[in-house]
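We number each residue from 1, following the sequence as shown.
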Amino acid sequence: MDNNSTTSATSSATSATFAPASLLDDLIYVDIAFREPRALMACAFTLVLLAYALAAAGNSLLCVVVLLDRRLHRPPYALACILSLVGVAETTVALPRLLYDLSSRTSIAAGECLARMFVYHTLVRAHALVLVAMAVDRYLAVCHPLRYRALAAAVAASARASGAAWAAAAAGGSAAAIQGAGYVAVVARLRFCRARVVPSSTCDFSAVRRLMCGEVGYEAPVVYANILLGTALPLGAVAASYALILRECRGQRLPGGRRRALSTCVTHLLLVLVYFTSIFFTFATGLRLGAPTSGEGVTALQTVQFILPPALNPVIYGLRTAEVRRGLARLLPSKIWPSN
């Protein structure tokens, strides 16, 4: 009798797990890797927490320096500040939840999962758009230095130009939000037909879509348009900008200013490659392109995406830049950061 009851309960739980259910009425279980053994979990938890604290503190400090020092109110530093804000938002959305999920097997409400999907895809695309703007800025600085200096001076002096910059930023943010909303609109119309377990608490579209059954007529166009507009085109624009820079500077003896601007392109490009590579593997894993990726691989790739670029931003765009170092020295007491 007891065995039959146990078997019946087990089969009922299994059928409940796989039975079709409305996305808005159910829970999704988060299966994060690195929970076992406990020593590995403690190490992963400590490293992620430390990286999050350093990334948040470094990016916040960079923004404060840029905002308070009027000498830094120029396009490259404004873009670095915007990139830092986006980076802080990305890490704050992803890493605290990751730390929570590392501690035990947890579940996430489906409505919260949709919200996280929207925020995740919006921030990823906003980050990509800022990288495009920074690549174009470097192209103008290296290949058209005279026009660039005149344009930068006009932007710094003109309230109208400043308003246009804010309008452009708002348009870019709106475009990113529309793409994020497109993914949510597709998933919200589908129903579960597989085990409701995802390997990531970001609830990215590709991972959640694998749990669903059913087709929506506009699903494929929305997905491919989002990948094209949010990932492929920004990556192509960045690659084209740096290719033009390298062609312009090939075999030339560059003045000091252009040489310094060119040197920053290498580190910029390194961050771009890290960021877009992690995004590509996240999409490939969710869409099952190529060889299957383990749960550890998914967790590691998404952790790299949310830790490495934000952690390196203050170093690449701050401490390696003499103007930012001088701005930091003017804000901090001389005993903490000598001005010379």
With distance as the sole test, does Q179 use its side chain to make a donor-acceptor pair with the main-chain N or O of G230 at under 3.5 Å? yes

Over all atoms of both residues, closest heavy-atom pair of A78 and V66: N-CG1, 4.4 Å

side-chain contact (heavy atoms from CB on, under 4.5 Å) evaluation trace for V184 with H121: CA-CA 10 Å; V184 173; H121 286 287; over 6 Å; no

Which residues share a side-chain hydrogen bond (donor to acceptor under 3.5 Å, both in side chains) with S84, sequence neighbours left out: N59

Any side-chain heavy atom of L114 sitting closer than 4.5 Å to one from C203? no

Any link between F276 and L312 through a network of hydrophobic side chains (Ile, Leu, Val, Met, Phe, Trp, Tyr) touching at under 4.5 Å? yes

Would you give me the side-chain donor-acceptor pairs under 3.5 Å for residues 127-135, sequence neighbours excluded?
| from | atom 1 | to | atom 2 | distance (Å) |
| --- | --- | --- | --- | --- |
| H127 | ND1 | E90 | OE1 | 2.7 |

T122 versus A177, closest heavy-atom pair with distance: OG1-CA, 3.6 Å

For the pair Y183 and V208, evaluate side-chain contact (heavy atoms from CB on, under 4.5 Å) and give the outcome as yes or no after the intermediate values. CA-CA 10 Å; Y183 280 132; V208 175; over 6 Å; no

Interatomic spacing from CG in L244 to CG in L140 - rounded to 0.5 Å: 10.5 Å

Between the CD1 atom in I108 and the CZ atom in R97, the distance rounded to the nearest 0.5 Å is 4.5 Å

Where A311 and V315 come nearest, the two heavy atoms and their spacing: O-CG2, 4.2 Å

Find out if the SG atoms belonging to C81 and C63 lie under 2.5 Å from one another. no

Might you point out which heavy atoms bring A126 and A176 nearest each other, and give the distance in Å? N-CB, 3.8 Å

Can you tell me how far CG of N313 sits from CG of L62, rounded to the nearest 0.5 angstrom? 8.0 Å

How long is the span from the CG atom in L72 to the CG atom in L67, to the nearest 0.5 Å? 9.5 Å

Determine, using the 4.5 Å side-chain heavy-atom cutoff (strictly less than), whether L61 and L85 are members of one ILVMFWY cluster. no

Would you say Y100 and M117 are hydrophobically clustered, going by side-chain heavy atoms of ILVMFWY under 4.5 Å? no

Keeping the roles fixed (side chain from S60, backbone from A57), state whether a donor-acceptor pair exists under 3.5 Å. no

Evaluate the criterion side-chain contact (heavy atoms from CB on, under 4.5 Å) for residue pair Y77 and R71; output intermediate values, then yes/no. CA-CA 10 Å; Y77 308 113; R71 299 176 183 86; over 6 Å; no

Set of salt bridge (charged side-chain N to carboxylate O under 4.0 Å, His left out) partners for R116, sequence neighbours left out: none

Could you check if a side-chain atom of L79 sits within less than 4.5 angstrom of a side-chain atom of L83, using non-hydrogen atoms only? no

When rounded to the nearest 0.5 Å, the distance separating CZ of F118 from CZ of F205 is 15.5 Å

M41 reachable from V48 in the ILVMFWY side-chain graph, under 4.5 Å edges: yes

With rounding to the nearest 0.5 Å, note down the distance linking OH in Y275 to OG1 in T231. 8.5 Å

Under 4.5 Å between side-chain heavy atoms, counting indirect links through other Ile/Leu/Val/Met/Phe/Trp/Tyr residues: same cluster for V238 and L233 or not? no

Do the side chains of R326 and D69 get nearer than 4.5 Å, heavy atoms only? no

